[in-house]
Every structure is written in C-alpha cells, then in structure tokens.
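Have a look at the structure below, then the notes.
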Amino acid sequence: MNNMKPLTLSVLAILLAGCDSERIAKLEKENNELRESIKTAAVIAKLELQGKCANQAKASYAEGGWLKEQLATYTNHYNPKLTKCFMEVQSTTVQGGDVFNNKYVSDAYEGKNYAEYAWKAEKGKKYWEVAPFMCKVEKLSGEVVYCKTTEEFEELVKQFME
C-alpha cells in the first residue's frame, strides 16, 4: 500500500499538469487571436484616417483655388506619428517668358504652411544649377530653416510626408 500512494500522487500530478497545459494552450490561442484582431483594427483605423486625409486634401486644394492652375498638382499624406494630414502642392507657372516652380507643404485641416519653395529658371543654365530664391521649412520643433537647394528642401519636408 505504501508504494501505491506515491504512484497515485504521480498520476494525479501528470493529470493536473495535462489540464494546465491544455488551459495554457487555449489561453495562448486566445491571446494570438486578440493580437490579430487588434492589428486588423489598427490597419482599418489607419486606412480610414488616410481616406479622410485624402478627402480633406482634395477639398483644401480646391478651396485654395489650385484647380484653376493648369500646371498644379498635389499629394497628401497622413502622418500617424504626428496624427496630422499634410498636403504638398506643386505648381509651375510662366510669366513673361520666365518659368517659376513653387511648392508648399501645409496641414490640410488647419491650413498652416510648414514649407515654402520658389524657383525661377535662368537662361543658359540647367535647372539643377539654379538655387531656389525662396526655400523655408518650419521644423516640428518650431525652428525655421532656410534651405539653399532643392535637395535640402526635399530632405526637410520628409518629416511631414513620410
């Protein structure tokens, strides 16, 4: 009989361990399902915000009178880190034989300008040889940076459009 007691306890311990491992497996499965549901909900929310941003940028572009400009385009981007909707408008105009290229980055909801760029073609020079005559970007910190090249401008506005 004495040998029976340790054997019974061993069998009981194995059965209990089996129940715990089944319970743990079930909980792990439920955890994984919840994680997937959260990921799916986050993707859906992000897509909804991107869609709202696109609609707002389209409306801001029209309200800004850009539809009248033949050589004007815009792009929009919802920045989830900043929870803001940005739009970049680019336009090319010809005035008296001079060609101008302008770019603006603004908050599509608030209308605040964060970046301005203006460039004028010069006769006898390639476009990359001509510096912009206006190149200004307000960083997220509030600091205003005056840039000297198109590449510098593009690098500075990445903070908004990526």
Side-chain angles (χ1 to χ4, degrees), residues 23-162:
R23 185 169 169 235
I24 290 170
K26 182 181 176 189
L27 289 172
E28 285 176 350
K29 182 181 176 199
E30 288 174 3
N31 261 348
N32 289 335
E33 289 171 356
L34 284 172
R35 281 190 191 105
E36 288 303 314
S37 293
I38 290 169
K39 284 181 188 176
T40 301
V43 168
I44 291 169
K46 185 177 178 184
L47 290 173
E48 287 176 357
L49 290 169
Q50 287 173 349
K52 288 178 181 179
C53 177
N55 290 337
Q56 181 61 36
K58 183 178 181 180
S60 293
Y61 183 78
E63 289 168 11
W66 293 104
L67 292 174
K68 297 181 281 181
E69 301 291 328
Q70 289 183 353
L71 299 174
T73 61
Y74 76 98
T75 57
N76 65 273
H77 176 68
Y78 176 74
N79 188 315
K81 289 179 191 171
L82 303 173
T83 63
K84 287 190 176 281
C85 175
F86 294 100
M87 64 182 281
E88 181 176 10
V89 175
Q90 181 172 338
S91 70
T92 301
T93 56
V94 178
Q95 296 175 356
D98 291 325
V99 178
F100 294 87
N101 184 284
N102 299 290
K103 297 178 188 181
Y104 307 93
V105 175
S106 62
D107 182 308
Y109 283 97
E110 297 172 6
K112 178 181 178 177
N113 274 343
Y114 286 92
E116 296 178 55
Y117 171 93
W119 174 90
K120 178 184 167 213
E122 291 183 20
K123 291 181 177 131
K125 290 189 175 183
K126 304 289 184 195
Y127 72 90
W128 61 83
E129 297 174 327
V130 180
F133 63 86
M134 165 57 88
C135 189
K136 178 175 90 169
V137 177
E138 181 179 328
K139 289 184 165 187
L140 296 171
S141 64
E143 174 192 3
V144 176
V145 176
Y146 291 92
C147 38
K148 295 176 178 43
T149 66
T150 303
E151 294 77 17
E152 190 178 0
F153 177 81
E154 296 299 330
E155 190 61 35
L156 286 165
V157 298
K158 279 183 182 179
Q159 65 182 322
F160 307 111
M161 302 304 285
E162 287 189 343

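This one's a predicted model, so the numbers in the text were calculated from it and none came from an experiment.
Across Lys52 and Tyr109, no two heavy atoms sit closer than the pair O-OH, 3.5 Å. The two residues Cys53 and Asn76 make their nearest non-hydrogen contact at SG-ND2, 3.8 Å.
Aromatic ring orientation, Phe160 versus Phe86: tilted (interplanar angle from 30° to 60°).
Contact check for Asn101 versus Gln90: side-chain heavy atoms found under the 4.5 Å cut-off. A 4.5 Å side-chain heavy-atom check between Tyr74 and Lys58 finds at least one atom pair inside the cut-off. Counting only heavy atoms from C-beta outward, the side chains of Lys112 and Tyr114 approach each other to under 4.5 Å. Proximity of Met87 to Gln56: side-chain heavy atoms (C-beta onward) are nowhere separated by under 4.5 Å. Side-chain contact between Lys103 and Val157 is absent, with no heavy atoms from C-beta onward closer than 4.5 Å. Taking the side chain as every heavy atom from C-beta outward, Trp66 and Tyr104 approach each other to under 4.5 Å.
Annotation for Tyr146: atom OH does not count as buried by contact number, only 12 or fewer foreign heavy atoms lying within 6.0 Å. Crowding of Gln95 atom CD: a count of heavy atoms from other residues, nucleotides or ligands under 6.0 Å exceeding 12. Enclosure of atom OH in Tyr127 is not indicated, since only 12 or fewer non-hydrogen atoms of other residues, nucleotides or ligands lie within 6.0 angstrom.
Listed for the Glu129 side chain is no donor-acceptor partner under 3.5 Å among the backbone atoms of Lys125.
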